[in-house]
Amino acid sequence: MSDLTVIVLAAGGGTRMKSKTPKVLHRIGGRTMIGHVLTAVAALEPARLVTVVGHQRELVAPHVSERYPDAVLAVQEEQLGTGHAVRVALDALADAPTEGVVLVANGDTPLLETQTLRAFAEAHRAADAAVSILSGIVANPFGYGRIVRDDAGAVQAIVEEKDATDAQRAITEINSGILAFDAAYLADVIGRIGNDNAKGEYYLTDAIGLARDAGLVVAAHAIEDAQQTEGANDRAQLAVLGRELNRRIVTRWMEDGVTVMDPATTWIDADVVLAPDVTILPGTQLLGATVVAEDAVVGPDTTLEDCEIGTGARVVRTHGQLAVIGAGASVGPFAYLRPGTLLGADGKIGTFVETKNAQIADGAKVPHLSYVGDAEIGEGTNIGAGTIFANYDGVNKHRTVVGKQAKTGSNNTFVAPVVIGDGASTGGGTVVRRNVPAGALAVSASPQRNLEGWVASHRAGTAQAAAAEAAGAAVAGATGEQSENGPGLGDDPAERAES
Ligand code: UD1
Ligand code: CA
């Protein structure tokens, strides 16, 4: 809207939050409260967007500028009231509007939707009003400005809680705090608002009575969905609005074709993007800028922050951050994906596996009990159970590169920096300290020694010794003689190569 100016008020304190963080910077749905408001108003494409900051502005101002570099910041040094705040906003504009519409909103109403503001601005224009109020009918009007109407039903004034008579306090139609002004009227009235009231503040809401006195049109449009204009003043209200926002987001995704088995335990941030036919199982949190592609199944009990999940992938009981999972890949149960994890199509990161800065190619698998840090694993390679990519020498981090179609043994340690070639193998228990050429078998475990009769001589009289004796083991008095190749051993070429 090219003749629209929006003023967002965010200079007030928020003592009831009992927080070092300013009220408007508290988060629900992955965004700050003021972030939600700014997102909603920015979608109207206003010609000017002014945010009034004051209390803890050293924290609020940079946050606003980061999200909306085009927003003008107006500093209200002392919070003398909403009327004063709007005056400060207009003063901060080099090209303060003289025509068109000025919308005033609060920075702490995170459920506010663009469509609501658009419809309100249009109704204001249609009524040719000097000022319009977005009002609401609420069960408990305590604390709000009440909409006082005359016998004919026309709006006369807004009376604030502290200034209201008992009869006025009984009115349940309230000022949501969102007002629309004819720009010329606002420019004219803003300097005429005084502070002769119970709080000694400059009330923006006095502009309504003044317009009425001047014989101008004043309109009030009641919003049906009153929660959209609710603010959070303390942590309990923040939680209530957070759950409601989540309910709305989850409902929207279900309407768009996402299966959510348990909406009550599913949390989806405002910026998450889901494709149709995604399935989300109970206890799942999709946070930040997470994107999930078609037919993927996520959960149960999974938290993904800023992750990308490919088509048809399966992510079970996983905690992930800044990870990219390919189409058809499988993750978990009990996987920890740390930043820089990249799993290719049809790959696998299995049970009790932690990954960090690890590029695991298409079809490659790390199925069990492993740590993969600062690594590259080639296509089709299988990493044995219990493998540690030892990336940290105590001072620096180093990379491990495993080629394609390699098969590494169980309980290996890859001491980085090290390269394991394409099609290579490693024996069980290998500690890889030197590069392994393509196609080679690397072994480092020392040959096994069996001390025959050791249990009989060292654990005589125990259940263990009895079991050994019953199995025909050498008995007490035996020498503890060593044999390199006990029963079942000696048939492994890897073991022989080492001895
Ligand atoms: C205000 C309205 C009231 C309405 C209610 C809705 C006035 C006089 N009253 O009351 O009719 O029902 O909002 O929530 O406008 N702010 C500033 N600078 C200031 C004072 C306030 O930026 O000097 C900001 C606050 O940060 C807040 C908003 O303006 O975002 C509203 O201020 P608040 O003090 O909460 O007003 P209420 O008394 O709740
Ligand atoms: Ca308030």
Side-chain angles (χ1 to χ4, degrees), residues 6-17 22-26 32-34 36-38 41 50-57 59-61 64 73-92 103-112 131-138 140-148 155 157-164 168-169 171-181 186 189-190 193-210 220 222-223 226-234 237 241:
V6 178
I7 298 173
V8 175
L9 304 183
T15 47
R16 280 183 282 165
M17 283 290 181
K23 176 168 84 168
V24 294
L25 296 192
H26 281 261
T32 60
M33 291 207 272
I34 196 169
H36 285 286
V37 174
L38 290 170
V41 302
V50 191
T51 305
V52 182
V53 295
H55 186 81
Q56 288 185 289
R57 66 170 194 264
L59 299 174
V60 179
V64 171
L73 289 164
V75 177
Q76 188 189 23
E77 294 287 353
E78 263 186 293
Q79 284 78 63
L80 304 177
T82 49
H84 180 254
V86 167
R87 196 162 76 208
V88 166
L90 294 174
D91 288 348
L103 263 183
V104 179
N106 291 341
D108 67 346
T109 54
L111 265 50
L112 188 61
V131 51
S132 300
I133 308 153
L134 186 63
S135 67
I137 311 289
V138 295
N140 177 13
F142 180 81
Y144 287 104
R146 309 297 204 283
I147 312 292
V148 179
V155 176
I158 295 178
V159 179
E160 295 301 315
E161 176 77 36
K162 287 199 168 155
D163 303 287
Q168 288 168 335
R169 287 203 178 101
I171 297 171
T172 55
E173 187 182 9
I174 56 97
N175 169 28
S176 70
I178 296 162
L179 301 174
F181 288 89
L186 181 62
V189 79
I190 199 69
I193 290 175
N195 63 352
D196 182 16
N197 52 51
K199 276 178 146 179
E201 285 187 359
Y202 295 88
Y203 290 164
L204 181 61
T205 46
D206 281 359
I208 283 85
L210 291 170
I223 183 172
Q227 271 188 306
Q228 276 194 43
T229 60
E230 264 177 38
N233 295 305
D234 56 33
Q237 289 171 348
L241 289 187

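Counting starts at 1 for both ligands and their atoms, following the listed order.
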Original post:
Do you know which two heavy atoms are closest between Glu160 and Tyr203, and how far apart they sit?
Top reply: CG-CE1, 3.4 Å
Original post:
Any side-chain heavy-atom pair from Arg169 and Arg146 closer than 4.5 angstrom?
Top reply: yes
**OP:** With heavy atoms of Gly12 as the reference, note each atom of ligand 1 found under 4.0 Å away.
**Re:** 17 (C), 22 (O), 25 (C), 26 (O)
Original post:
Do Ile147 and Ile158 touch side chain to side chain, with heavy atoms closer than 4.5 Å?
Top reply: yes
Subject >> The one among Glu160, Lys162, His55, Met33 that brings a heavy atom closest to atom 9 (N) of ligand 1 >> reply: Glu160
Subject >> Gly81, Ala11, Pro22: member with heavy atom nearest to atom 22 (O) of ligand 1 >> reply: Ala11
Original post:
In ligand 1, which numbered atoms sit nearer than 4.0 Å to a non-hydrogen atom of Ala85?
Top reply: 17 (C), 18 (N), 22 (O)
Subject >> Atom pair CZ (Arg87) and CG (Leu186), whose distance is rounded to the nearest 0.5 Å >> reply: 11.5 Å
Original post:
Nearest non-hydrogen atom to atom 28 (C) of ligand 1 belongs to which of Asp206, Ile158, Asn106?
Top reply: Asn106
Original post:
Is any side-chain heavy atom of Leu38 closer than 4.5 Å to a side-chain heavy atom of Thr51?
Top reply: yes
**OP:** With heavy atoms of Lys199 as the reference, note each atom of ligand 1 found under 4.0 Å away.
**Re:** 38 (O)
**OP:** Have a look at Val8, Val88, Thr82 and point out the one with the heavy atom closest to atom 21 (C) of ligand 1.
**Re:** Thr82
**OP:** State the atoms of ligand 1, each with its element, that fall below the 4.0 Å cut-off from a heavy-atom position in Tyr203.
**Re:** 8 (C)
**OP:** List every atom of ligand 1 that sits less than 4.0 Å from any heavy atom of Leu80, numbering the atoms from 1 in the order shown and giving each element.
**Re:** 23 (O)
Original post:
Got a sec, which residues hit side chain to side chain donor-acceptor pair (under 3.5 Å) with Gln79, two or more places apart in sequence or on another chain?
Top reply: none
Original post:
By number and element, which atoms of ligand 1 are closer than 4.0 Å to a non-hydrogen atom of Gly145?
Top reply: 3 (C), 4 (C), 11 (O), 12 (O)
Subject >> Ala74 to Val50 - nearest heavy-atom pair and separation >> reply: CB-CG1, 3.9 Å
Subject >> Check: Asn175 N/O within less than 3.5 Å of ligand 1 N/O >> reply: yes
Subject >> Sub-4.0 Å heavy-atom contact, His84 with ligand 1 >> reply: no
Original post:
Should Thr205 be counted as touching ligand 1, given the test is an N or O pair under 3.5 Å?
Top reply: no
Which atom pairs, donor and acceptor, lie under 3.5 Å between side-chain atoms of residues 6-15 and protein residues at least two apart or in another chain?
none

Subject >> Atoms in ligand 1 flagged as close to Leu9, the criterion being non-hydrogen separation under 4.0 Å >> reply: 22 (O), 24 (C), 29 (O), 30 (O)
**OP:** Search all heavy atoms of His55 against all heavy atoms of Val60 and return the closest pair with its distance.
**Re:** O-CG2, 4.1 Å
